[in-house]
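The block underneath contains the structure these notes are about, expressed in structure tokens.
In what follows, residues are counted from 1 in the order of the sequence shown. Start at 1 and go down the list; that is how both ligands and their atoms are numbered.
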Amino acid sequence: MNSMAYIIAVANQKGGVGKTTTAVNLAAYLAAKGRFVLFVDLDPQGNATSSLGVDRRQVEKGLYEALIGACSVRETVRPTVVEGLKLIPATSALAGAAVELVDMERREFRLANVLLEVRNDYDYVIIDCPPSLGLLTLNGLVAADRVLIPVQAEYFALEGLSQLHETVGAVRESLRPGLEIMGTVITMFDPRNRLAIDVLAEIKANFPSRVFASVIPRNVRLAEAPSHGQPISHYDPWSKGAKAYESLALEILEIDEKT
Ligand SMILES: Nc1ncnc2c1ncn2[C@@H]1O[C@H](COP(=O)(O)OP(=O)(O)O)[C@@H](O)[C@H]1O
Ligand SMILES: [Mg+2]
């Protein structure tokens, strides 16, 4: 498709809003549609790594080793249960990277540099960011072309969103010109909850960037899939959650093929 991958950082400094679920299942459906996809687990918790069927205790070389230059990035890339989807796994050592990177040269550019080596092999690189605006997330934003923001449809959803937009703006000005906000995806939506509908309207009113038409419903199958080490495309492709993430992937492919 492309000579160089689109790099998408999935970010929101709030925890538990559906970043990892969105990153994993979007990546799986982009791969299912025939794209070559590389998943980068930038969260030391490694939830995405285990969601993709990789036991991080068995990982010897992961993102941490590549970031500090202890090995080449190609040594860290491994297959997943999904054909066409490769993974750079996180290990718990990554938690220390946030501290170690502080003293390193061009510390905000470590991930961007690591990905330069492999991005030509893929159509998409999906980065799952940790729940903070710290140095790891900064590396994710600097490495990215676009930021995808999952937002849980609940009362405090808008809190922190302005800060995230400001951070992206600051990164664009000083570190990564051209970084774009791709859009917001509403997660864990419950249409019976009036509040959720208000939140959706408020996000549309307050932020100029796109809100994806594909809204992700609250769906227990999405919550179950990680413990089976499978994305929803494999665990239960007929579930509502699966259909929603498939639709999000198609929406993104359609946007990309137009531009
Ligand atoms: N649409 C959904 N329906 C039901 N549970 C969900 C949904 N999205 C995420 N979850 C669950 O909510 C929790 C937080 O989601 P997660 O993707 O890990 O968020 P984050 O990466 O932002 O911390 C997880 O237990 C996940 O399985
Ligand atoms: Mg997460």
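Residue-to-ligand polar distances place Lys19 within reach of ligand 1: an N/O pair is separated by less than 3.5 Å. Backbone and side-chain nitrogen or oxygen atoms of Gly15 are examined, and none is located within less than 3.5 angstrom of a nitrogen or oxygen of ligand 1. The shortest N or O to N or O distance between Ile216 and ligand 1 is not below 3.5 Å. For the pair Thr20 and ligand 1, the shortest N or O to N or O distance falls below 3.5 Å.
Under the 4.0 angstrom criterion for non-hydrogen atoms, Asn47 is not in contact with ligand 1.
Cation-pi geometry between Arg107 and Phe109 is not met: the NZ or CZ atom fails to fall both under 6.0 Å from the ring centre and inside 45° of the normal.
Taking 4.0 Å as the cut-off between side-chain N and carboxylate O, Lys19 and Asp43 do not count as a salt-bridged pair.
Listed by chain and residue number, Asp41, Thr49, Leu94 satisfy the side chain to side chain contact (heavy atoms under 4.5 Å, CB included) test with Ala90 (two or more places apart in sequence, or in another chain).
In this structure, atom 25 (O) of ligand 1 is not in close contact with the protein, since no protein heavy atom lies within 4.0 Å of it.
Just one residue in the list Val73, Thr91, Leu87, Leu111 forms a side chain to side chain contact (heavy atoms under 4.5 Å, CB included) with Leu63, and that residue is Leu111.
Separation of the Tyr29 and Tyr245 ring centroids does not fall under the 6.0 Å cut-off.
Near-neighbour remark for the Mg ion (ligand 2): protein N, O or S atoms under 2.8 Å are Thr20 OG1; waters not counted.
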